Amino acid sequence: MHDYLSGLNERQREAVLHCNGPIMIVAGAGSGKTKVLTTRIAHLMAHHKVDSFNILALTFTNKAAKEMKERVEKILHNTEARNLYIGTFHSVFARVLRAEAHHLGYPNSFTIYDTDDAKGVIKTVVNELNLDDKVYKPNVVYNRISSAKNALVGPEEYARDYGIQQEDLRANRPAMGQIYDAYAKRCFKNGAMDFDDLLLNMYKLLKNYPEALSKYQRKFKYILIDEYQDTNPAQYEIIKLLGAMHENICVVGDDAQSIYSFRGATIENILQFQKDYDDVKVVKLEQNYRSSQNIIHVANEVIKNNKGQIPKNLWTDNAEGEKIKLVRTASDNDEGKFVADTIKELKLRNHISNKDVAILYRTNAQSRAFEESLRRLAIPYIIYGGLSFYQRKEVKDMVAYLRVIANPKDEEALKRIINYPVRGIGKTTIDKAVIFANTHNISMWEVLVNAQQFGFKSGTLEAIDQFVTMIKMFQTELPKRNAYEIAFAVGKSTNLVKELFNDKSTEGVARYENVQELLNSIKEFTETPMNEEDGEVGDKGLGTYLQQITLLTDADNKDPDADVVKLMTIHAAKGLEFPVVFAAGLEETLFPSAMSINTREELEEERRLFYVVITRAKQKLYITHANSRYRFGSLIQNEPSRFIEEIPNEFLDRTSAGGGPRNQTGSWGGGSAFDRMRGGYGNSAQEAEKQYGAPPAKKAATPSYIAPKPAAKTVEHVPTKDFVPSDTTNLQAGQKVEHQKFGFGVVDKMEGSAHNPIATVKFELNGEKKIMLNYAKLRIVE
DNA sequence: CATCCAGGCCTTTTT
DNA sequence: GGCCTGGATG
């Protein structure tokens, strides 16, 4: 008997001990599924002597993957776990595709486009197809293409599908298929895959290249999948192909926690799994080890309102616990204050640490009020979500250089840096280069390399030549140097780092620090040992690094153990647990979202989301909602969420804060926070000021005695019919000139350098203007 | 060619 | 309330 088995309950042990054949573990919230998964992996290795190289575990987030790996290591007391293939679908497939790229015609240093890059490509092709970008908004198009890919519908299938055509026609977007096709072709030409391509191409690889299929089928003898309820059809088909040889597939999921249908996830996968294999073992984990009885009761009551679930009965041995506190506040700011005050109270009286607390909400925009109130009480916090470190402008700029060096076909990256820092290759030149590239069916990079054949002006040509020479220089260094050395050299010779260093504004300093941090991260990457395998390009090279960082999220850079209050969306909180949870913004139109109340399916997903947030809490759960809040800059009134009514009254402890009548303070911490906040609508601002001090200075309002600056209206001038700009190199004071917009005038004086001459012109209709001759077009009249 | 500002548009949720 | 885009301007 292995001692790691002793901590398991009967069902859990059953799931761990089952070795060969398909198994589905229906794991309720907090029922120890990670424990089961990790123990199962450990058991396969320790007991069944399965080689760690032959186990594949797919997770939903990098965080989950990392945790799983660490826990297996802990159980086994050795470093064998390092060889496991554990990662997100996206990162594991990226790794495979890197090794097999040649089959699909991609370079193995293919770029992975994040959402912004992808939308950039969409903008480009919509433009090139002369379509209206108001109709074909990048967001809309991106989502449509993404859904298609997640359902394994390629551009050809898309064009052929009658139903899809009808949908697009009805939506007044008949050219969607055309855009999809152009987009896919452009990405391929750029040597780039978007997130969804990682799935789609993985599927194509396994489907169309039997030798690749059998290679990975033989490699992955055991496959485990976490958060199975959130997989989409593409992922499903890939798993089916990969597992077809051994059928040792273990999926773990909870239909009640399926919250990613907007990403193409479908619960169907759970039902289909049982149909696809004859002898699926099903194990239900129903005992919850996380939460108090009250919390579990409430969760069960809520989810009961959904139709058609896998029947299960989540129960717990834990203590009854406290009631759920339901708190109404007057405004979103009061909600913030209430939460911050309560946290302070809990720390004081209940010895709760910052890190025990999470504030969870439906939309990222809700974080603002909490940030402000936490800052006022000096409670340290961290926000998950929002921009990943690698999506910040300055970091992305630097990364774009590296991308171009690793994959010069990457047009998005190329466009980003070709004139950054400014080197005189402007929009006109870029547009021209792209058009040349399209008409000659070569990459933009190739146009630049052969620029002299395309008739650029000599100045531009020189700038292009310098740029090309620099990139080429780095490319020759590529085989000899590691990612860090290259990155460091890029920072130096582009002056990028220096430029940021010289910017002493607050943001400038932050930007400089971010780039330094980027360099550190690259260094760390090059110094961390990594398991390499035959046939893999897994090296310390730049390409590997770049592919990896695109798949990192914001959460991956944060220390999960830091003693800070955590703020995040409910989606981001999936799989996590906290002693104290604030579920905020339980209001109609916000939660459930106004976008998701039109069909039963949508509403049920919102309810599952509510279920998820409830079951994150171990001991204390607060549900808050505000009477009114700011949205899009204007104040709106919200009814309490319909989900609140689904909680039986006996589990609730109702209170209001920051206005309205006060009921009872309940059994928690004396309620002094409420006493201080009984301000009500009218004076809550003043009350707050007394408590917290004056709010941070707002931008000073324009004093009323200063008249608003009258906009200097330009008197319209219609240029002479055959307006042709003159050569103004030798323009002298006293000459009469015509300006396209300002009309006729006389040159008053000449200043500026020969490089950048500036003429002061007195116009007949528009007064005196300084005209930069390099840019403005003047016709010399006499 | 680059920068600044006004006005439009937005918000689900994420690898 | 904040971000991005596009037009005006030097």
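To find a chain, count down the sequence lines: A is the first, B the second, and so on, and within it residues start at 1. Remember, it's a predicted structure, so these values are computed and weren't measured experimentally.
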**Q.** Contact check, side chains of A:Y361 and A:T569, non-hydrogen atoms, under 4.5 Å
**A.** yes
Q: Compare side-chain N and O positions of A:N150 against OP1 and OP2 of B:dT15 and report whether any pair is under 4.0 Å apart.
A: no
(Q) Less than 4.0 angstrom between a side-chain N/O of A:T115 and OP1 or OP2 of B:dT15, yes or no? (A) no
(Q) Less than 4.0 angstrom from a charged side-chain N to a carboxylate O is my criterion; do A:E372 and A:R375 meet it? (A) no
(Q) Can you classify the ring geometry of A:F643 versus A:F610 as parallel (below 30°), tilted (30 to 60°) or perpendicular (above 60°)? (A) parallel
Q: Under 4.0 Å between any heavy atoms, over every strand shown, what does A:Y630 touch: base, sugar-phosphate, or nothing? Just pick one.
A: nothing
Q) Are any of the side-chain heavy atoms of A:E605 and A:R608 separated by less than 4.5 Å? A) yes
(Q) Within 45 degrees of the ring normal and closer than 6.0 Å to the centroid, is that where the cationic atom of A:R95 sits relative to A:Y85? (A) yes
Q. Would A:R416 and A:D397 count as a salt bridge (charged side-chain N to carboxylate O under 4.0 Å, His left out) if you check the C-alpha gap in whole Å, the side-chain angles of each, and the deciding distance to 0.1 Å?
A. CA-CA 7 Å; A:R416 194 179 177 101; A:D397 287 335; 2.8 Å; yes
Q. To the nearest angstrom, how far is A:K63 atom NZ from B:dT14 atom C1'?
A. 12 Å
Q: For the side chain of A:N364, starting at C-beta, report the closest nucleotide among B:dA2, B:dC1, B:dT13.
A: B:dT13
Q.
Rounded to whole Å, please give me the gap between CG in A:L590 and C1' in B:dT11.
A. 10 Å
Q) Does A:T428 put a side-chain nitrogen or oxygen below 4.0 Å from OP1 or OP2 of B:dC1? A) yes
Q. Can you check the A:E605 CD to B:dT14 C1' distance for me, whole Å?
A. 12 Å
Q) Separation of A:K149 atom NZ from B:dT14 atom P, in whole Å? A) 20 Å
Q: Please report, rounded to the nearest Å, how far the P atom of B:dC1 is from the CD1 atom of A:I430.
A: 9 Å
Q. Of the candidate nucleotides B:dA2, B:dT14, B:dT15, which contains the atom at the shortest distance from the side chain of A:H571?
A. B:dT14
Q) If we only count heavy atoms from C-beta on, is the A:D197 to A:F110 side-chain gap below 4.5 Å? A) no
Q: Would you mind telling me which of B:dT14, B:dT15, C:dT5 lies closest to the side-chain atoms of A:K123?
A: C:dT5
Q.
The side chain of A:Y142 is closest to which nucleotide in this list: B:dT15, B:dC1, B:dT13?
A. B:dT15
Q.
When the C1' atoms of B:dT11 and C:dG6 are compared, how many Å lie between them, rounded to an integer?
A. 23 Å
Q. Within the structure shown, what part of the strands sits under 4.0 Å from A:F591 by heavy-atom distance: base, sugar-phosphate, or nothing?
A. nothing
Q) Taking the nucleotide of DNA chain B with the closest heavy atom to each, which residue, A:T429 or A:S596, is nearer the 5' end? A) A:T429
Q) A:Q235 and side-chain contact (heavy atoms from CB on, under 4.5 Å): which partner among A:L199, A:L152, A:N269? A) A:L199
Q: Please tell me which of the listed nucleotides, B:dC1, B:dT15, B:dT14, lies nearest to the side chain of A:T569?
A: B:dT14
Pairwise N/O distances under 3.5 Å, protein to nucleotides 8-10 of chain B:
residue : atom : partner : partner atom : Å
B:dC10  : OP1  : A:K137  : NZ           : 3.0

Q. Between A:D334 and A:K337, is there a salt bridge with N-O shorter than 4.0 Å?
A. yes
Q. A:R403 versus A:K396: any side-chain heavy-atom pair under 4.5 Å?
A. yes
Q) Rounding to a whole Å, what distance do you find between A:I112:CD1 and B:dT14:P? A) 20 Å
Q.
Can you classify the ring geometry of A:F89 versus A:F93 as parallel (below 30°), tilted (30 to 60°) or perpendicular (above 60°)?
A. perpendicular
Q.
Can you identify which nucleotide, out of B:dT14, B:dT15, B:dA2, has its nearest atom closest to the A:H90 side chain?
A. B:dT15
Q.
How many whole angstroms separate atom CG of A:L552 from atom C1' of B:dT14?
A. 14 Å
**Q.** Length of the line joining A:Y611:OH and B:dT13:C1', which is rounded to integer Å
**A.** 19 Å
**Q.** Strand contacts (DNA chain B) in residues 252-266 of chain A, 4.0 angstrom heavy-atom criterion
**A.** A:Y260, A:F262, A:R263
Q) If you pin A:N419 and A:T553 to their nearest nucleotides in DNA chain B, which one's is more 5'? A) A:N419
